[in-house]
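Structure record follows, encoded as structure tokens.
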Amino acid sequence: MKFPIGIQSFEQIIADGYVYVDKTDLVYSLATEGKVYFLSRPRRFGKSLLVSTLKNYFLGRKELFKGLKIDSLEKEWKTYPVFHIDFNSDVFAKTETLENTLELYVSNWEMQYNVAANKKLSFGRRFAKVLNVAHEQTGLRCVVLIDEYDKPLLDVMETGLKTVVDGNEMSLEQYNREVLKGFYSTFKLADSDLQFVFLTGVTKFSQLSVFSGFNQPSDISMVPQYEAICGITDEEIDAYFCESIRKMVETAGCSYEDEREALRRQYDGYHFSRHLKGVYNPFSLLNALRFEMIENYWFRTGTPSYLVRLLDGFGDKLNELIGNYYVQSQFEDYRADTQQPLPMIYQSGYLTIKEYDSSMCTFKLDFPNDEVKNGFVTMVANSYLGGREDTGSVVRNLIVSLKRRDLDAFRSCFDTFLASIPYDVRRKANERERERDFTYTLYLIFRIASCYTTYIEKRQSFGRLDCAIVTDDSAFVFEFKLDGSAAEAIAQINEMGYADEFLSTNRKVYKIGISISSETGRVADWLVEE
């Protein structure tokens, strides 16, 4: 079996005999049931392949679809004039890049349809003229496909890059947004010349008025009918990849069921509607099947720079986003704000829907699978803690010490870890924030471990405990004091009843008071009460 890893051309996949997970029935539904669509999905999730499939369908290349689902659905194969824009190939961090890209596309189309170029007009008006002429020449309305429409904005978001336009300075993000807004106004000017419009991207920029120049597209990102239009489902694995999994079983020396479960934990777990249809990350799954190894393939391709920039300003609040319920607008509508990074984290694929509460119309968000959880939290930890490379070994040592209830070893390991954090990482201005730093450090390393339930600043009836770690047979309740005493920390645990909720769980409960020195950044005092 040939796996189409990194191949985004539908024509090449079919012609060269690569495996193709047939979703052409959904392509037919899109083409025949609506006109203007928008789809948001994470990177490397198959958006470009979907666009390529639509392109070949509207070009009437019937021979490529022989034997696929659409073959029995489509009775008329027409050759529409198709205009395809792919923003993937450029980096838009310079003022001229976006305009040069649009100029290249529009001028080529003008030559193709013998339209005289009038460069005094905007790109949008020139494109509208091309669409009108193409409609007249072919007798068919036009199809416009735009892949990664938001990349010119993501490339410059939160970079601080500036440009000067007509003597006035503005952010490059604002400039690119205005250029795109003018170009996308095409779809209102040329409405009568359009048969079908499809845009893909990571983010939904409705809040930035990018689409204010034309009728809003139908957003199918969370529509149940199309939740699996990108990615691979369990049913599709059964239909296409059973033999490949059996080969992995031979290599791993485990049962078929165990290998399926391992793949599910590592790559499944994405949900794109309230119906909670599970979707696997296609890039990672195909790589695992190709190389017969379960690895972090998707995360190794890199974290988007825009997300790193957002999270760098978000500080130590990651735990406040995860495992909570939200109304749809809170994570679906884009806002470029370091204080509100949730929409970007969700739309980039690092969080997904895990539950839907129909009574409250709210969605619970959490990491989709082990690949994303481990990779994302490790990335945040390395950034937060000064780029450490041995976080994994620290996590393993701390886990073993808690499993054995060896709190002396836990103290030693934790203290050594704190001692290795560069002094400039301990950058908080006041005592409460510095104390929160140490609490968050503990949260991050145990979130990476993921085998223990970890609470950070957990709200209770009488207050908010700093940290608690719950294992199968024990609960460890931590209170941190900066330049205080461990005895004071234990007294606060007792006075506020922080450990009480864990007493009824048939676990051993340990109260741990820790004093941190603001001068050395290390454990100055430590007290344990069982």
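Just so you know, residue 1 is the first one in the sequence shown, and it goes up from there. All figures in this text were calculated on a predicted structure; none of them were measured in a lab.
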How far apart are the closest heavy atoms of [X] and [Y], and which atoms are they?
{"X": "Y80", "Y": "Q195", "result": "CE2-CG, 3.7 Å"}
{"X": "G349", "Y": "P42", "result": "CA-CG, 3.5 Å"}
{"X": "L64", "Y": "I14", "result": "O-CG2, 3.5 Å"}
{"X": "E259", "Y": "M248", "result": "OE2-CE, 3.2 Å"}
{"X": "D268", "Y": "G278", "result": "OD1-C, 3.6 Å"}
{"X": "P224", "Y": "S273", "result": "CA-OG, 3.7 Å"}

- [ ] Report the C-alpha separation of F87 and F92 in whole Å, then their side-chain angles, then the decisive distance to 0.1 Å, and conclude whether the ring-ring contact (aromatic ring centres under 6.0 Å, His included) test is met.
- [x] CA-CA 9 Å; F87 285 120; F92 298 90; 5.7 Å; yes
Task: Residue pair K55, E11: steps toward the salt bridge (charged side-chain N to carboxylate O under 4.0 Å, His left out) verdict - done: CA-CA 10 Å; K55 178 179 180 179; E11 181 178 9; over 6 Å; no
Could you check whether [X] pairs with [Y] (Lys NZ or Arg NE/NH1/NH2 to Asp/Glu carboxylate O, under 4.0 Å)?
{"X": "R264", "Y": "E261", "answer": "yes"}
{"X": "K247", "Y": "E292", "answer": "yes"}
{"X": "D238", "Y": "R260", "answer": "yes"}
{"X": "K151", "Y": "D90", "answer": "no"}
{"X": "E371", "Y": "R265", "answer": "no"}

- [ ] I would like to know whether V197 and L145 meet side-chain contact (heavy atoms from CB on, under 4.5 Å); could you show each step before the answer?
- [x] CA-CA 6 Å; V197 178; L145 307 172; over 6 Å; no
Task: Neighbour count >12 (heavy atoms, 6.0 Å) for atom NZ, K2 - done: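 Atom NZ in K2 is crowded, with more than 12 foreign heavy atoms closer than 6.0 Å.
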Open item on the list: So, using side chain to side chain contact (heavy atoms under 4.5 Å, CB included) as the criterion, who are the partners of Y325 when residues are at least two apart?
Closed with: E355, D357, T362, K364
For the pair [X] (side chain) and [Y] (backbone), establish whether a donor and an acceptor sit closer than 3.5 Å, ignoring hydrogens and angles.
{"X": "S474", "Y": "T471", "value": "no"}
{"X": "E236", "Y": "T233", "value": "yes"}
{"X": "E33", "Y": "L30", "value": "no"}
{"X": "K47", "Y": "E148", "value": "no"}
{"X": "T352", "Y": "H271", "value": "yes"}
{"X": "S52", "Y": "L49", "value": "no"}
{"X": "D147", "Y": "D86", "value": "no"}
{"X": "S29", "Y": "D25", "value": "yes"}
{"X": "S40", "Y": "V202", "value": "yes"}
{"X": "S348", "Y": "I345", "value": "no"}

Task: Worked verdict on F376 versus F299 for ring-ring contact (aromatic ring centres under 6.0 Å, His included) - done: CA-CA 8 Å; F376 184 78; F299 215 90; 7.1 Å; no
Quick check for you: to the nearest 0.5 Å, what is the distance between [X] atom [atom1] and [Y] atom [atom2]?
{"X": "H84", "Y": "W109", "atom1": "NE2", "atom2": "CH2", "result": "9.5 Å"}
{"X": "L39", "Y": "T200", "atom1": "CG", "atom2": "OG1", "result": "7.0 Å"}
{"X": "N176", "Y": "T95", "atom1": "CG", "atom2": "OG1", "result": "8.0 Å"}

TODO: Could you please spell out the steps behind the side-chain hydrogen bond (donor to acceptor under 3.5 Å, both in side chains) verdict for N287 and S284?
DONE: CA-CA 5 Å; N287 270 282; S284 285; over 6 Å; no
Would you please classify the geometry between the [Y] ring and the [X] ring as parallel, tilted or perpendicular, with 30° and 60° separating the classes?
{"X": "F363", "Y": "F331", "result": "perpendicular"}
{"X": "F45", "Y": "F272", "result": "perpendicular"}
{"X": "W77", "Y": "Y57", "result": "perpendicular"}

So, for [X] and [Y], is the gap between ring centers shorter than 6.0 Å?
{"X": "Y350", "Y": "W298", "value": "yes"}
{"X": "Y270", "Y": "Y280", "value": "no"}
{"X": "Y149", "Y": "F38", "value": "yes"}
{"X": "Y37", "Y": "F196", "value": "yes"}
{"X": "F10", "Y": "F65", "value": "yes"}

Task: Residues that F198 engages under ring pair (Phe, Tyr, Trp, His ring centres under 6.0 Å), provided they are two or more places apart - done: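 With sequence neighbours excluded, F198 shows a ring pair (Phe, Tyr, Trp, His ring centres under 6.0 Å) to no residue whatsoever.
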Task: From CA spacing to verdict: ring-ring contact (aromatic ring centres under 6.0 Å, His included), F127, F83 - done: CA-CA 10 Å; F127 187 25; F83 299 86; 5.7 Å; yes
TODO: Verify side-chain contact (heavy atoms from CB on, under 4.5 Å) between I353 and R274, making sure each step is shown before the conclusion.
DONE: CA-CA 8 Å; I353 299 166; R274 64 190 63 186; over 6 Å; no
- [ ] Please say whether the positively charged group of R44, taken as NZ for Lys or CZ for Arg, lies over the ring of F283, i.e. under 6.0 angstrom from the six-membered ring centre and within 45 degrees of the axis.
- [x]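 Yes.
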TODO: Please tell me if the side chains of N100 and L104 come closer than 4.5 Å, counting only heavy atoms from C-beta onward.
DONE: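 The answer is no; the side chains never approach within 4.5 Å.
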Task: Residue pair N296, Q266: steps toward the side-chain hydrogen bond (donor to acceptor under 3.5 Å, both in side chains) verdict - done: CA-CA 8 Å; N296 296 330; Q266 188 75 1; 2.7 Å; yes
Open item on the list: Test side-chain hydrogen bond (donor to acceptor under 3.5 Å, both in side chains) on Y326 and E332; report intermediate values, then the result.
Closed with: CA-CA 10 Å; Y326 302 92; E332 185 186 39; over 6 Å; no
Open item on the list: For R246, give me all partners under side chain to side chain donor-acceptor pair (under 3.5 Å), at least two apart in sequence or on another chain.
Closed with: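 R246 satisfies side chain to side chain donor-acceptor pair (under 3.5 Å) with E243 once adjacent residues are dropped.
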Open item on the list: If you apply the rule side-chain hydrogen bond (donor to acceptor under 3.5 Å, both in side chains), what do you find for D406 with S401, and how did you get there?
Closed with: CA-CA 5 Å; D406 186 348; S401 63; over 6 Å; no
Open item on the list: Pair Y105, F123 - check ring-ring contact (aromatic ring centres under 6.0 Å, His included), show working.
Closed with: CA-CA 10 Å; Y105 276 115; F123 292 118; over 10 Å; no
Open item on the list: Set out, in order, the CA-CA distance, both residues' side-chain angles and the distance that settles side-chain contact (heavy atoms from CB on, under 4.5 Å) for L50 and V27, then state yes or no.
Closed with: CA-CA 8 Å; L50 174 60; V27 168; 4.0 Å; yes
Open item on the list: L153 vs M157, test: side-chain contact (heavy atoms from CB on, under 4.5 Å). Steps then yes/no.
Closed with: CA-CA 6 Å; L153 302 178; M157 189 185 71; over 6 Å; no
